[in-house]
Engineer: 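Before we start, here is the structure in question, set down as structure tokens.
Keep in mind that this is a model prediction, so the values were computed, not measured. Just so you know, ligand 1 is whichever comes first in the structure, and atom 1 is the first atom listed for that ligand.
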Amino acid sequence: MGTLKKVSILGSTGSIGVNTLKVIERYRNKFQVFGLTAYNNYELLLAQIQQFSPQYVAVNSQGIAYLKQRIVNKKIKVLDIEMEIDPIVTDPAVDTVVIGMKGGAALKPFLKAASVGKTIAPANKEALVIAGHIIMAKAKKHGAKIIPIDSEQSAIFQCLEGQKGNAIKKIYLTASGGPLRCLPKSQFGRLTVEKILAHPRWKMGKKITVDSATLMNKGFELIEAQRLFSVSSEQVEVLIHPEVIIHSMVEFDDGSILAQLGIPDMQLPIQYALTYPNRLKSNLDEINFCDLKQLTFDRPDFKKFPSLELAYHVAQKGGTLPCVLNAADEVAVEAFLSGDLKFVSIYKVVEKVILTHKVRDNPKLEEILAVDQWARDKAKEIIFKMH
Ligand code: MG
């Protein structure tokens, strides 16, 4: 038996983290948990600590006391997630860092992991959207391998395996179409928070559930794909594919198209990222093509989902604009979730902030952080004036 691969999971109590631990549980003879971080779900984190005995955990300051009282194994070090989680990411023992945490908070640890050449398995979109050019440059410089967990990016990554640098002609980024695909636009005005959160295709966080309804989530994935695979926005075509069996496709110069198919279960891309370049058994359902009968495709309706068109515009302009998109969307979705903004106004707010921003190319990290703050303030101001 070889040595165990040591894995740190940032955001271990979210859906990505929980599913990563399911994969690790299945292969205890191959993986060992090195570090876990969570923000405030102390109870679940404690259960994970007891099950996997990591060397390090990080949690917010209230959680530290809670954990210290209850952790039996006193060798486990408990860190403050707001202060210092470096050892969890950069310790020489760590092989793979899974980034399951939400939001821009992932940027710092992502950059840290890249700067010490770790294998990084990101599910987080925000860091790549706002500072993908910096992350990718750093990863290249320090030999960090990035194996995405987001199902579409994993599919593209898998289609490119063994291609020996053959140029990508086009990426077909597939999309379920979201929960509003069949609802007429005329009824969007009446969409409440309860309604949007009631029918997610998968159990996900609230923010991403709203982004899936507006298709902004697909817009972020478009930008993510651009960063990860060095393609232009024109080379990425979003394709509505309600069966969600094809997770994305890559077309090459000769016209051949490779696709990655599988049942829609995030354990699949997670396991692939952990076991790469090997493929191990999973206990997931198999696809029955004869029951499926057909796979269908459609072009996205930009009139119904203007957020996706806006994301294309942002992807094409690049520079500081993706950061503005991310920040403005976060504020607008938050306002919607707290009842301060109508569903259809999410787009209006984001568009206004985008149109106000003067784009700067190739921004440095400090510029990005400043623009992020500007966009948040601007979005709040616009929402305030709407009342
Ligand atoms: Mg996805």
Side-chain angles (χ1 to χ4, degrees), residues 10-11 14-20 23 98-103 106 110 120-130 132 146-160 171-181 196-197 199-229 231 233 236-250 259-274 284 295 297-298 300 305 307-308 311-312 314-315 322 325-326 329-330 333:
L10 312 185
S15 58
I16 296 295
V18 167
N19 279 293
T20 303
V23 172
V98 173
I99 306 182
M101 66 204 284
K102 290 185 284 269
F110 203 144
I120 308 168
N124 175 284
K125 295 187 173 83
E126 290 87 349
L128 283 165
V129 167
I130 67 180
I146 298 178
I147 309 174
I149 282 180
D150 197 2
S151 64
E152 294 80 359
Q153 316 300 345
S154 172
I156 298 163
F157 182 95
Q158 293 183 53
C159 291
L160 292 171
I171 289 172
Y172 289 95
L173 186 71
T174 53
S176 72
L180 306 181
R181 184 174 60 89
I196 293 291
L197 296 184
H199 300 292
R201 187 146 194 138
W202 296 284
K203 204 178 165 297
M204 305 178 289
K206 286 181 185 177
K207 162 76 165 50
I208 191 167
T209 302
V210 177
D211 283 340
S212 298
T214 59
L215 295 197
M216 183 61 94
N217 183 54
K218 205 49 60 177
F220 289 140
E221 287 179 3
L222 156 72
I223 298 167
E224 209 187 348
Q226 243 187 320
R227 312 289 214 187
L228 285 167
F229 307 109
V231 291
S233 59
V236 184
E237 181 176 337
V238 171
L239 197 58
I240 304 297
H241 168 47
E243 294 84 5
V244 210
I245 294 295
I246 297 178
H247 299 301
S248 278
M249 305 185 265
V250 176
Q260 188 262 339
L261 289 71
I263 61 149
D265 188 313
M266 62 178 83
Q267 280 187 49
L268 206 58
I270 290 171
Q271 182 173 306
Y272 180 77
L274 291 182
L284 304 174
L295 299 176
F297 305 96
D298 206 350
F305 300 106
S307 294
L308 185 57
Y312 262 105
V314 168
L325 184 74
N326 174 68
D329 180 67
E330 204 171 299
V333 170

Engineer: Which pair of heavy atoms, one from I149 and one from A273, lies closest together, and at what distance?
Structural biologist: CG1-CB, 4.0 Å

Engineer: If you compare all heavy atoms of I99 against all heavy atoms of A106, which two are closest, and at what distance to 0.1 Å?
Structural biologist: CG2-CB, 3.8 Å

Engineer: So which of the N, O or S atoms of D150 lies nearest the Mg ion (ligand 1)?
Structural biologist: OD1

Engineer: Suppose we only allow N, O or S atoms; which atom of E152 ends up nearest to the Mg ion (ligand 1)?
Structural biologist: OE1

Engineer: Hey, can you tell me if F297 and H241 have their rings parallel, tilted or perpendicular (30° and 60° cut-offs)?
Structural biologist: parallel

Engineer: Which is the closest N/O/S atom of E221 when seen from the Mg ion (ligand 1)?
Structural biologist: OE2

Engineer: In this structure, which one of L228, L128, D150 forms a side-chain contact (heavy atoms from CB on, under 4.5 Å) with E221?
Structural biologist: D150

